[in-house]
Amino acid sequence: MAVQRALISVFDKTEIVDFAKKLAALRIEILSTGGTAKLLREAGVAVRDVSEFTGWPEMLGGRVKTLHPKIHGGLLFRRNLPEDQKQAAEHGIAPIDLVVVNLYPFEATVAKKDLTAEELIENIDIGGPTMLRSAAKNFESVTVITDPADYDRVAKELEASRETSLATRLDLARKVFSTTSRYDGMIATELERLSPSASHIALQEKPILPERLHLALRRQQELRYGENPHQAAALYIPAGRPPKGLAAARQLQGKELSYNNFVDLEAGRSLAAEFRRPAAVIIKHNNPCGAAEQETLPDAYLKALASDPISAFGGVLAFNREVDAATAEEVAKLFVECIAAPAFNEKAKSIFAAKKNLRLLELPPGGLEPARELQLKRILGGMLVQQPDLGEINDSDLRTVTKRIPTQEEMHAMRFAWKVCKHVKSNAIVFARDGATLGVGAGQMSRVDSVKIAVMKAQSPLRGSVVASDAFFPFPDGVEEAAKAGATAVIQPGGSVRDNDVIATADRLGLAMVFTSMRHFLH
């Protein structure tokens, strides 16, 4: 069915004039309101005001513009039903075949620092979502556009035949309901900030854990497979927003990414983001098997590799600096699956080009920021939600509990080890020295076993090293094993009922021990 009449009312006016001119060239009547109508007229496009079409003026400060039976009747009446045709004719309802609407930028409004309760409420769009839903419900007859990216697609179909295909209308309708669902979810979440009192509505800070959590995601990328080849997997990103972080990384070369690749890349990226000096991280099965922070990137990589070169085979690498040729030459000697970095210089790209299957991912600006959004984990019948672990220690938080005070060198090493330990699966133990890991013990049911594994994995002598533990030592045995291996200082949260026994053991062995009063479990 040919498109005869279009209604255009947009907040985002990107490319709307060009699109409207194409409609006008096809002699499609254009209805419009407010600023959109003014813009189109100034561009020489003939426009009919919605108020003229309905016979009712805009009212209530602009709150009521398109909420009228002639608008929604024109959108909703079923063109193929005689009874609908009859009622439309009786009440003077003319068909509206094309709707172009996008919504007030509610998300941008609520992000404003001086936002008032009145502003929040007034920026809830009512007419726009209502028109979108009416048009989308009647997609068999009506074409509806809410994204400027779809203008060209629709214009080409109209120019070819003066109508759009059913497949296009259905696709656009799905997009509309996804948009309005996300929009309503944002509103529901933001209204939790409103606090009623006897005389007015006040706006409060956003709750850390909202009463209702609305997720609107769109599939960005199908993956090679999930954790195992028989599992399907895809990457989804928040709908209505441009991708960011690892989800926005540009793949420069290599095979398709798998679910496990992304999990490991995020583990590496998040740990690399902890450091200010050049740093290299090697991840294997979601745990760092090596990490180092040095004066140069090649030195950082070589120190990280020396921690556990056997486990590094087939691992995933992350860097917090542009990868140069010297680093690339060293990395090229090892088989790795993926590398993420802020950039790769041309010589580094040339070196890696010889490894066709190696995935190189260039992180976007901000790609080394810590993740700040709520973390979600599905369980059968529900979803666990928590804040991300952004806990950091200051010097004032540290408390030496042993007779021996740690040296400045030991303190520097302990701060480094503590950062790495935060990114190791619990129970987590990290031996370190000179800004590099020496041995990592991860994911054990017993903390002393994590210590033993870290000692076993170490490829360098542990004499003079420090050890970090993500949670308290429940018994002295873990400290005894660390001292036996050569550690001279320990950093741990403290808080065990046997702290006094553990401290006494450290004193007996001549260790320095520092309590952080902060735990970093990672499950």
Side-chain angles (χ1 to χ4, degrees), residues 268 270-282 288-308 318-321 368 370 389-424 428-441 451 454-455 457-473 478-479 482-483 485-494 503 506-507 509-520:
S270 61
L271 177 50
E274 294 275 2
F275 303 112
R276 295 296 163 257
R277 292 191 299 157
V281 174
I282 305 173
C289 60
E293 181 186 34
Q294 301 291 309
E295 291 305 316
T296 69
L297 204 62
D299 285 346
Y301 169 71
L302 290 173
K303 290 253 188 180
L305 178 63
S307 177
D308 189 353
F319 297 96
N320 67 351
R321 295 288 193 280
L368 286 169
D389 184 358
L390 299 175
E392 294 183 357
I393 54 172
N394 301 311
D395 288 348
S396 59
D397 301 320
L398 301 177
R399 181 166 63 96
T400 300
V401 294
T402 48
K403 295 174 182 176
R404 187 168 80 75
I405 306 297
T407 66
Q408 188 173 353
E409 184 179 0
E410 286 172 330
M411 284 301 301
H412 180 75
M414 283 194 287
R415 289 189 190 95
F416 170 84
W418 185 250
K419 288 180 180 180
V420 177
C421 199
K422 174 181 171 183
H423 296 264
V424 177
I429 293 291
V430 174
F431 284 83
R433 185 177 57 232
D434 300 328
T437 57
L438 300 177
V440 177
V451 176
V455 172
K457 299 292 284 183
Q459 300 296 302
S460 303
L462 296 177
R463 187 174 60 257
S465 64
V466 304
V467 64
S469 174
D470 65 340
F472 60 66
F473 284 96
V479 173
T488 61
V490 178
I491 184 169
Q492 60 137 321
I503 294 168
D507 281 335
L509 297 171
L511 300 179
M513 183 175 288
V514 170
F515 280 7
T516 65
S517 300
M518 177 182 291
R519 191 181 74 185
H520 278 312

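All values reported here derive from a predicted model rather than from experimental measurement. Positions are given from 1 along the sequence.
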Going by heavy atoms in the side chains, are [X] and [Y] under 4.5 Å from each other?
| X | Y | result |
| --- | --- | --- |
| Trp418 | Pro493 | yes |
| Val514 | Met411 | yes |
| Val281 | Phe319 | no |
| Asp397 | Ser517 | no |

Closest non-hydrogen atom pair between [X] and [Y], with its separation:
| X | Y | answer |
| --- | --- | --- |
| Ile393 | Met518 | CG2-SD, 4.3 Å |
| Ala292 | Phe416 | CA-CZ, 3.9 Å |
| Ala318 | Ala272 | CB-CB, 4.3 Å |
| Gly290 | Thr437 | CA-OG1, 3.4 Å |
| Asn320 | Leu297 | OD1-CD1, 4.4 Å |
| Leu390 | Pro370 | CD2-CB, 3.8 Å |

* Worked check of side-chain contact (heavy atoms from CB on, under 4.5 Å) between Val451 and Phe473 -> CA-CA 11 Å; Val451 176; Phe473 284 96; 4.1 Å; yes
Could you tell me whether the side chain of [X] and the main chain of [Y] form a donor-acceptor pair under 3.5 Å?
| X | Y | value |
| --- | --- | --- |
| Ser465 | Ala432 | no |
| Ser469 | Ile429 | no |
| Glu293 | Arg276 | yes |
| Asp389 | Gly391 | yes |

* Evaluate the criterion side-chain contact (heavy atoms from CB on, under 4.5 Å) for residue pair Lys422 and Glu274; output intermediate values, then yes/no. => CA-CA 10 Å; Lys422 174 181 171 183; Glu274 294 275 2; 3.2 Å; yes
* With sequence neighbours excluded, residues passing salt bridge (Lys or Arg N to Asp or Glu O under 4.0 Å) with Lys303 -> none
Just how far is it from atom [atom1] of [X] to atom [atom2] of [Y], taken to the nearest 0.5 Å?
| X | Y | atom1 | atom2 | result |
| --- | --- | --- | --- | --- |
| Leu305 | Asp308 | CG | CG | 9.0 Å |
| Ile405 | Thr400 | CD1 | OG1 | 4.5 Å |
| Ile491 | Met513 | CD1 | CE | 11.0 Å |
| Gln459 | Ser307 | CD | OG | 8.0 Å |
| Lys403 | Asp507 | NZ | CG | 5.0 Å |

* To do: List the steps and the verdict of side-chain contact (heavy atoms from CB on, under 4.5 Å) for Gln492 and Thr516.
  => CA-CA 6 Å; Gln492 60 137 321; Thr516 65; over 6 Å; no
* Residues two or more places apart in sequence or in another chain: which of them pass side chain to side chain donor-acceptor pair (under 3.5 Å) with Arg277? -> Glu295
* Please identify each residue that fulfils side chain to side chain donor-acceptor pair (under 3.5 Å) with Thr296, with sequence neighbours left out. => Asp299
* Quick one: which residue pairs count as a salt bridge (Lys or Arg N to Asp or Glu O under 4.0 Å) with a foot in residues 460-473, not counting sequence neighbours? => Arg447-Asp470
* Structure fact -> In short, salt bridge (Lys or Arg N to Asp or Glu O under 4.0 Å) pairs touching residues 409-419 with sequence neighbours left out are Asp395-Arg415, Arg404-Glu410
* Asked: Does the pair Val424 and Val440 meet the rule for a side-chain contact (heavy atoms from CB on, under 4.5 Å), with working shown?
  -> CA-CA 8 Å; Val424 177; Val440 177; 3.9 Å; yes
* Could I get the full list of ring pair (Phe, Tyr, Trp, His ring centres under 6.0 Å) partners for Phe515, not counting sequence neighbours? => none
